[in-house]
Amino acid sequence: MEITTQTVDKLSNLAQLQFSETEKEEIKADLNKMIGFIEQLEKIDTTGVEPLLHISDAVNVLREDKLAGSISREAALLNAPSSDGQFFTVPKVIKK
Amino acid sequence: MDTSKYEAVIGLEVHAQLQTNTKLFCGDSILFGAEPNTQVSPITLGHPGTLPKTNTKAIDFAVKLGLACNCEIVEKNYFARKNYFYPDLPKGYQISQHTTPICKGGTVPIKIDGVEKIIQLNRIHIEEDAGKSIHDLYDNETCIDLNRAGTPLLEIVTEPCLHSSEEAFQYVTELRKLVRWIGVCDGNMEQGSLRCDANVSIRLKGETTLGTKVEVKNVNSIRNVKRAIDAEIKRMIELVEGGGTVTQQTRSYDVNTDKTIGIRDKEDANDYRYFADPDLNPFHITQEFVSSIQASLPTLPNKLAEEFKQEFGLSDYDAAQLCEDKSIADFFNKTAAINSNYKGIANFILGPVKQYLNENSLSIDEISLQANNLSDLIKIIDEGKVNFSVASSKILPIIIAENKSPLQVAQELNLLQTNDSNEIEDWVNTVIQNMPDKVAEYKKGKKGLIGLFVGEVKKLSKGKADPKIVTDLLTSKLNS
């Protein structure tokens, strides 16, 4: 698979990131290397091998339905770039 | 315009908020109505370095609903990330089983004009809810409340197998009854505990391929599900008849104008790049677990209604009505265990009791009415100590408010029908003396007049004369 400038544009759009033309070229080269690496892996015959969903073998690591771990609103809003003391505030999302 | 050549094809996605105490992946409360951003933890806020852990109760509930809908329960499960950006989604992804649901297939039977139709489910999966955006508080900013972020949801998805808004209405009604019945969701659409999105398309009758679909969102009551679908079908037919084409869109239903409004086009936004969430271990469901959930399921409403008909000789209608609500059905069962006038119990519960509950927006668990008191009330009606109207209007409100014996209430309020034959005989004699013309007609053979005489005695006695004794006495006097 060939990574084109178009692919980079699409991915940066999905990731909500902006790159300069020079950066795009670098990313294109990096991504092409990564894809090449994955394409090598794809040559391995994995017939009958279940996909690895998680790095640990553990399953059913669950918790009971019990209240725990909440923090105060003051603490929650502490790192917010913008808030009114009650809500996180962000630039207007929809046009009225 | 000829609309009859078109057929609507509808698929529904219902999101049911689970009645757990805490969120899907952390221990924040999910109680509705708290002050904004007071039910949040670093996990809800999506801070780096936090580790989510799945709530066992959410899995219990998913399997419960899956079994209630005859789904196949999938053994090996994992959660995936659905990646997109929106301010009320703090992590930049929603954790969902969108691609690998815990329940596959399944059915929900509905009734349209008395005819059963099976609604085919595609799947039921577990996912987390997003936070809430409030757009109208400030001019230039949107406010974000993350209390709801991370709340466990079940998404119940039908096949595109519904063909009218009425079917959609019945399906959501049935599904809401079911989730309430098995206790996984409170079904409150106004508070958003149950939300319905409708995928609507139209095609010419006889065609087998699906038309371009539009997703209609923001429908906050079952009645509006019906109205929104009707409005969208109408819009599509008018569009196509006018030479236009339907484009794939998300639209929102506006109750005030009864129209749907386009909110976004769905052309390139659909790349969510799902992948297994590396923070969460997979979870497996054993056959033993499924069996234990199966054993914990209550008898489902349709089956219970059937049992009520068989066991207690109730009509289709009464049985179905009693099984609209589990607490009502349970109350009927409890009362029927101690009083064999089943029809009388059903009438009393579906009549005056339900009327009281509706008028006061209460459930039967929230009032003090006890099965033994209702049974006693029906017993004293059957014994002729009080009549039905006195029982329902005077005694019932008191035994609803407090745990009190109906007989005692009747005595205290002097409502007991008298069977003192001297007193009754006086009333009967008075009536016979006052109505010589009618008595003559009766004696000539107009036996139907007996009702009139009984009614007069009832009036005279202010409802206290036992109608059976009165009738007997009148009959014997008039025929002598």
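Worth saying up front: this structure is predicted, and the values here are computed from it rather than measured.
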Side chain, backbone, both or neither of [X] within contact of chain A (heavy atoms, under 4.5 Å):
| X | result |
| --- | --- |
| B:Asp279 | backbone |
| B:Asp88 | neither |
| B:Ile285 | neither |
| B:Ile43 | neither |
| B:Thr56 | both |
| B:Leu24 | backbone |
| B:Cys143 | both |

Specify which of [options] makes the most heavy-atom pairs with chain A at under 4.5 Å.
| options | result |
| --- | --- |
| B:Pro87, B:Gly92, B:Ala80 | B:Pro87 |
| B:Phe283, B:Phe85, B:Tyr86 | B:Phe85 |
| B:Pro52, B:Gly131, B:Pro278, B:Pro282 | B:Pro282 |
| B:Ile263, B:Asn140, B:Thr38 | B:Asn140 |
| B:Cys26, B:Ala58, B:Pro42, B:Ala276 | B:Cys26 |
| B:Lys76, B:Glu35, B:Lys53 | B:Lys53 |

Handout entry: Carboxylate-amine/guanidinium contact B:Arg81 B:Asp277, below 4.0 Å
Key = yes
So which residue, [options], ends up with the most heavy-atom pairs under 4.5 Å with chain B?
| options | answer |
| --- | --- |
| A:Ala68, A:Ser56, A:Ser70, A:Ala58 | A:Ser70 |
| A:Glu64, A:Arg63, A:Glu74 | A:Arg63 |
| A:Ala15, A:Ser72, A:Ala80, A:Ala75 | A:Ala15 |

Just checking [X]: does its [atom1] atom have more than 12 heavy atoms from other residues, nucleotides or ligands closer to it than 6.0 angstrom?
| X | atom1 | value |
| --- | --- | --- |
| A:Gln6 | CD | no |
| A:Glu39 | CD | yes |
| A:Leu41 | CG | yes |

Practice task
Looking only at non-hydrogen atoms, find the nearest pair between B:Leu153 and B:Gln17 and report the distance.
Solution key: CD2-CA, 3.8 Å
Exercise for the section: Could you tell me which non-hydrogen atom of B:Leu280 sits nearest to which non-hydrogen atom of A:His54, and how far apart they are? Expected result: O-CD2, 3.1 Å
Residues [X] and [Y]: side-chain donor-acceptor under 3.5 angstrom:
| X | Y | answer |
| --- | --- | --- |
| B:Tyr138 | A:Asp84 | yes |
| A:Lys28 | A:Thr4 | no |
| B:Ser41 | B:Asp28 | yes |
| B:Tyr84 | B:Asp271 | no |
| B:Asn55 | B:Thr22 | yes |

Problem - B:Asn281 side chain to A:Asn60 backbone, donor-acceptor under 3.5 Å - result: no
[X] portion near chain B, given a 4.5 angstrom heavy-atom threshold:
| X | value |
| --- | --- |
| A:Ser82 | side chain |
| A:Leu53 | both |
| A:Asp57 | neither |

